[in-house]
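Dumping the structure here so I can ask a few things about it.
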2 protein chains.
Amino acid sequence: MSQIGDSLQFLRSRGYKVTAPRKQVLEVLRRSSKPLSAYQIQKSLPIKGKPLNAVTIYRILNLFCSLNLAHRVLSSGGFVICTLSEGEGCHRFVVCRHCGSLQEFASETLCQEESQITQDLGFQAEYHLSEVSGLCLKCRGGQR
Amino acid sequence: MSQIGDSLQFLRSRGYKVTAPRKQVLEVLRRSSKPLSAYQIQKSLPIKGKPLNAVTIYRILNLFCSLNLAHRVLSSGGFVICTLSEGEGCHRFVVCRHCGSLQEFASETLCQEESQITQDLGFQAEYHLSEVSGLCLKCRGGQR
DNA sequence: GGCTTAATGTAATAATGTTGCATTTAAAAT
DNA sequence: ATTTTAAATGCAACATTATTACATTAAGCC
């Protein structure tokens with residue numbers, strides 16, 4: 001049901017306050033299937049009263065990202081809600097280059113392979129970022 | 001030796017002119033082991049005469065990236081020279097989170113694995129971006 | 001050397017992101 | 001319920017990154 005409720009609960013349990021701006025940002029992100037920039041989020045907010053301050057939105061997004069409630073998608077510069085469970089693994093994305101829709105995934109195999117390769121280059125891997133670009137089913141027109 | 005010569009040759013062979021600004025940007029990138037932003041490149045340029053215009057630098061970087069002579073590193077927002085041969089495969093990076101040094105690599109295995117996973121999500125993968133973060137040998141103090 | 005077109009310079013502006021300080025408010029304590 | 005207070009937000013100013021339109025310059029051709 002209300003996955004938003006879960007997120008709010010999570011915030012509270014970590015000692016963060018549940019505020020109207022945080023709820024609003026959460027709702028906007030939850031409704032979007034594509035990454036949104038801070039300013040896009042600002043425009044998407046309910047027009048009742050004043051819009052949220054952009055600074056506030058940035059701070060909320062930083063908080064959400066630090067808690068893994070949301071992620072920043074580097075290839076598009078936007079933010080998305082996290083759709084995976086707390087279960088470990090680095091969160092990765094595949095994005096449709098045509099419609100911009102996005103799916104999140106994780107893979108222990110990829111992490112291990114990347115760690116091995118980079119270890120051979122002298123690095124100790126800690127975090128794995130990957131964003132795959134391609135075409136989604138819809139944008140291939142069902143064909144191919 | 002002068003790998004810069006090779007890059008200039010490559011530009012000429014593709015019908016692009018070899019100009020002073022392009023040589024300068026190439027040299028600055030070549031000398032850096034870390035990603036540089038357009039404005040950092042501007043500051044790094046020889047102080048003889050006027051500095052390069054930032055717009056020009058952006059245009060040169062866009063050209064280099066489109067030809068795979070350089071790459072944009074998303075996790076840091078900077079640009080690096082490409083160190084791999086034209087041999088195919090998507091170019092990936094491992095970056096030291098402490099000193100910022102960077103190594104480029106490619107892996108057919110990773111591409112295949114990512115394509116398989118994202119295909120199961122309904123996507124046809126075309127481009128694979130990955131940036132691994134960790135600690136380089138130096139920054140681990142040789143230990144561990 | 002002159003010609004032609006690609007490349008660069010200039011100016012203005014948009015988009016994104018950050019900092020310091022004043023004000024407000026969620027939630028705990030009374 | 002009221003008070004308290006630390007956390008969160010608002011506000012103003014500003015830094016960085018990036019793009020566009022149009023004028024000027026120069027690389028590489030004859």
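For the numbers below, each heavy atom of this structure counts, side chains included, while hydrogens, waters and symmetry mates do not. Every chain is numbered from 1 and lettered A, B, ... according to where its sequence line falls, protein lines coming before strand lines.
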Can you check whether Y39(B) has a side-chain N or O nearer than 4.0 Å to OP1 or OP2 of dT17(D)? no
Tell me which of V55(B) and P21(B) sits closer to the 5' end of DNA chain C, going by the nucleotide each one is nearest to. P21(B)
Is any N or O donor-acceptor pair between the side chain of R59(B) and the base of dG9(C) shorter than 3.5 Å? yes
For S7(A) and R30(A), test the side chains for any donor-to-acceptor distance below 3.5 angstrom and give the result as yes or no. yes
Rounded to whole Å, the CD-P distance (Q42(A) to dA14(C)) equals 16 Å
As a test of understanding, state which of L29(A), L36(A), T56(A), L69(A) forms a side chain to side chain contact (heavy atoms under 4.5 Å, CB included) with L61(A). L29(A)
Side chain of Y58(A): nearest nucleotide among dA18(D), dT8(C), dG17(C)?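 Nearest listed nucleotide: dG17(C).
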Atom-to-atom span, NZ of K50(B) to C1' of dG9(C) - whole angstrom: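 Atom NZ in K50(B) sits about 8 Å away from atom C1' in dG9(C).
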Gap between atoms CG and P, on L45(A) and dG10(D) respectively (whole Å):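 Computing the L45(A):CG to dG10(D):P distance gives 10 Å.
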What's the CZ-P distance between F64(B) and dA7(C), to the nearest Å?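 Rounded to the whole Å, the gap is 11 Å.
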Is it true that, when you exclude F10(B) itself, more than 12 heavy atoms of the residues, nucleotides or ligands shown sit nearer than 6.0 Å to its CZ?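 More than 12 heavy atoms, drawn from other residues, nucleotides or ligands, come within 6.0 Å of this atom.
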Take atom CZ of R12(B) and atom C1' of dA6(C), then tell me their distance rounded to the nearest Å.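 So the CZ-C1' distance, R12(B) to dA6(C), works out to 15 Å.
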Let me know the distance between CG of L74(A) and C1' of dG17(C), rounded to the nearest Å. 15 Å
With a 4.0 Å limit, can you tell me whether R72(B) has a side-chain N or O closer than that to the phosphate oxygens OP1/OP2 of dA18(D)?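 Answer is yes, contact under 4.0 Å.
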Contacts of G77(B) and V18(B) projected onto DNA chain D by closest heavy atom; the upstream (5') one is G77(B)
What's the CD1-P distance between I57(A) and dC11(D), to the nearest Å?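 I57(A) atom CD1 is separated from dC11(D) atom P by 13 Å.
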Does either side chain, that of R97(B) or that of S133(B), offer a donor lying less than 3.5 Å from an acceptor on the other one? no
Per T19(B) side chain, nearest of listed nucleotides dA27(D), dA26(C), dT17(D):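 Nearest to the side-chain atoms of T19(B), counting from C-beta on, is dA27(D).
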Quick check for you: among dT8(C), dT20(D), dT25(C), whose closest atom lies nearest to any side-chain atom of K17(A)? dT25(C)
Integer-rounded Å distance: dT19(C) P and N53(A) CG: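 For the pair N53(A) CG and dT19(C) P, the rounded distance is 15 Å.
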Would you say R22(B) places a side-chain N or O within less than 4.0 Å of OP1 or OP2 belonging to dA7(C)? yes
Would you say the rings of F93(A) and H71(A) are close, in the sense that their centroids are separated by under 6.0 Å?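 Yes, close enough.
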